[in-house]
Amino acid sequence: LNVPSHIHQGKDKQILGPSSGKLAYSWGLDGKTAAKLDVTATGFAARLSHQDVIKVSAVQSTLMRSMETNAHPVADPQTAVGADSVPPQQQLSFSLTVTAISVSLEDRDHQEPIVKLEAQRGTVQGTQKGGATSMRGEVLSLAITDTSVKESQYRDILTINEEADTLVHFEFSTFQRTAPDYPGHEQLLYLRINQPQITVLWRFIEEIRAYIGSFQQDHPDIARTFSSPLSPRSPETTEERSKTAESKMKVKIELHHPFLIIPRSSRSREAYVADLGSIEVQNTLTHVHEGKSEWNVILQQMKLETVSSQGNRFSMLEDVNGTARILMTEFVGPERPNADPELLVEVDLGDLKGRMTDAQYGLLMCIMGENMTERRVLSETESAQSDKRSSIKADAVASTLEKTLKTAADLSHGIRVVSKYCVRIKRLNVGLRLADSLDVNPEDATLMVRLG
């Protein structure tokens, strides 16, 4: 399968390279034999320009509208028993297998790829009968690559640890309220994510935000598709919110040792590395009819380290354990029908023991001064200053922090959520030490002060 896009400057522009697929569908006319749908795709690789994304979105909308009409398959006239004789309780089993998929997105101005998404071995299997659906699947690996700059030390924005066998496993089920085995909720989602490695570069985040924003003026529907979780909510009546709350979904998410890398800059090997340990997230449906969503989080074995330019790693915090409670009030009630949602976050940590040298603290300041402010294209003067910079002035850090807080405030205002936070630490024992560089073991550094 080869899919050309529009003719660009007299030539066909290829957006999808050679791929292959297989679709098999079978069903029984007796109403007892389970229908079966199997889809397999191999070697899907696409490169989408700004205009290609617009066209793909239009095609997707057309296909979704066409699928709204539920047509029965046409049977052999000699054996047909009529379309109406196929009962709605007939079971359908389905499977989807994608061995490899790769999608590159180009920016509008330079027509160069800014991000590449790759997935390996994705499978989904499930059954559907009488309005109830059950499916499970997994993704072997998923990668997001920063292709906007070539000289970056951190092109892998998302990848999987080499020791992990599968990145994502999920199970999803729906239930009918009238069924005898109704568990008390309409949907059930279980998600397990195993050892993802995520790099945080503010420059890349801004690149993606600018890419999404490039659709905002002429194609706001595409922008909403990319950023729907953070889009401002549309006004709803109390009745509409209540109906939404009635649809209950039970969710359980397990994250096993996700790694978070926060480098000093795109060109520096110095970085903070956080092993977030084991994280378990579950929601409770006790207050769902009151318009409240409650989530409980268990945190175990979290760890924070620094990495020097020579590759030396030293721990700052180890074996951090705790719990968190997140309560989201989506609507208040008839007395305040147009009130904004309220978010309450409570975090309880156990013993917090660690050490920090002034060099490690300096790295934190450099991250705020460099990672948070770098851009894709620098002038020669700015580039020279960036290469020579070895320390950050306090006023520059304060200015960066002020801008960061303003960005967070603007985001909070955009999604219209009133937030409250509370963090409790059972016992604190942190030593502040003196060290010349990140290559000095904090245990060997001179103790300056201990906070307890």
Side-chain angles (χ1 to χ4, degrees), residues 31 34-37 39 60 63-65 67-72 86-96 122-139 168-193 224-225 227-231 233-255 279-298 324-334 337 339 341-344 415 417:
K36 187 176 182 181
L37 174 66
V39 180
Q60 178 188 9
L63 288 176
M64 294 302 294
R65 287 194 299 268
M67 292 172 64
E68 292 178 358
T69 303
N70 187 14
H72 293 286
V86 180
Q89 297 295 323
Q90 185 178 15
Q91 179 174 312
L92 169 67
S93 63
F94 55 89
S95 67
L96 170 65
T123 61
V124 178
Q125 295 179 330
T127 59
Q128 194 277 335
K129 181 178 181 180
T133 303
S134 176
M135 68 175 69
R136 64 172 56 201
E138 63 181 22
V139 178
V168 176
H169 172 83
F170 73 91
E171 298 176 12
F172 178 75
S173 301
T174 63
F175 308 95
Q176 294 290 93
R177 292 188 180 184
T178 56
D181 58 347
Y182 176 65
H185 45 264
E186 283 70 46
Q187 298 171 323
L188 174 65
L189 173 64
Y190 169 72
L191 179 64
R192 185 178 71 242
I193 304 177
R224 284 193 298 269
T225 301
S227 58
S228 56
L230 297 179
S231 297
R233 63 181 179 91
S234 57
E236 293 178 322
T237 64
T238 303
E239 183 180 356
E240 289 173 335
R241 296 180 190 176
S242 300
K243 289 181 179 180
T244 302
E246 289 178 359
S247 180
K248 303 177 185 178
M249 174 185 285
K250 184 68 176 177
V251 179
K252 181 178 181 180
I253 303 175
E254 296 178 355
L255 292 92
I279 303 177
E280 183 178 304
V281 182
Q282 291 191 74
N283 69 330
T284 59
L285 303 175
T286 307
H287 308 289
V288 68
H289 290 293
E290 303 173 11
K292 297 180 180 180
S293 301
E294 183 175 350
W295 298 80
N296 295 300
V297 185
I298 300 176
R325 174 175 175 262
I326 304 172
L327 182 63
M328 183 73 176
T329 304
E330 300 177 8
F331 63 91
V332 179
E342 296 179 356
L343 175 66
L344 173 64
I415 59 178
V417 174

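Keep in mind that the numbers below use all heavy atoms, side chains included, and drop hydrogens, waters and symmetry copies.
In this structure, the separation between CD on Gln125 and CD on Glu138 is 9.0 Å, given to the nearest 0.5 Å. Taken from CD1 in Ile253 to CG in Leu255, the straight-line distance is 7.0 Å, to the nearest 0.5 Å. Annotation: the span from Gln176 atom CD to Thr133 atom OG1 amounts to 8.5 Å, rounded to 0.5 Å. Here NZ of Lys36 is found 11.0 Å from CG of Leu92. Values are rounded to the nearest 0.5 Å. The line from CD of Gln282 to CD of Glu254 is 8.0 Å long, rounded to the nearest 0.5 Å. Here Asn296 contributes atom CG and Leu327 contributes atom CG; the two are 9.5 Å apart, rounded to the nearest 0.5 Å.
In this structure, Arg192 and Lys252 have side chains that are not in contact, with every pair of non-hydrogen atoms separated by 4.5 Å or more. By the 4.5 Å heavy-atom criterion applied to side chains, Tyr190 and Arg136 are not counted as neighbours. For the pair Trp295/Met328, no side-chain contact is recorded, criterion being any heavy-atom separation below 4.5 Å from C-beta on. With a 4.5 Å cut-off on side-chain heavy atoms, Val124 and Phe170 count as touching. Within the 4.5 Å cutoff, no side-chain heavy atoms of Glu171 are placed close to those of Leu188. Lys250 places a side-chain heavy atom less than 4.5 Å from the side chain of Asn283.
Nearest approach of Glu186 to Lys248, heavy atoms of both residues: OE1-N, 2.8 Å. Residues Ser134 and Phe94 come closest through the heavy atom pair O-CZ, 4.5 Å. Here the closest non-hydrogen pair linking Met249 and Phe172 is CE-CE1, 4.0 Å.
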Give the C-alpha distance, both sets of side-chain angles, the deciding distance and a yes or no for side-chain contact (heavy atoms from CB on, under 4.5 Å) between Val251 and Val281.
-> CA-CA 8 Å; Val251 179; Val281 182; over 6 Å; no
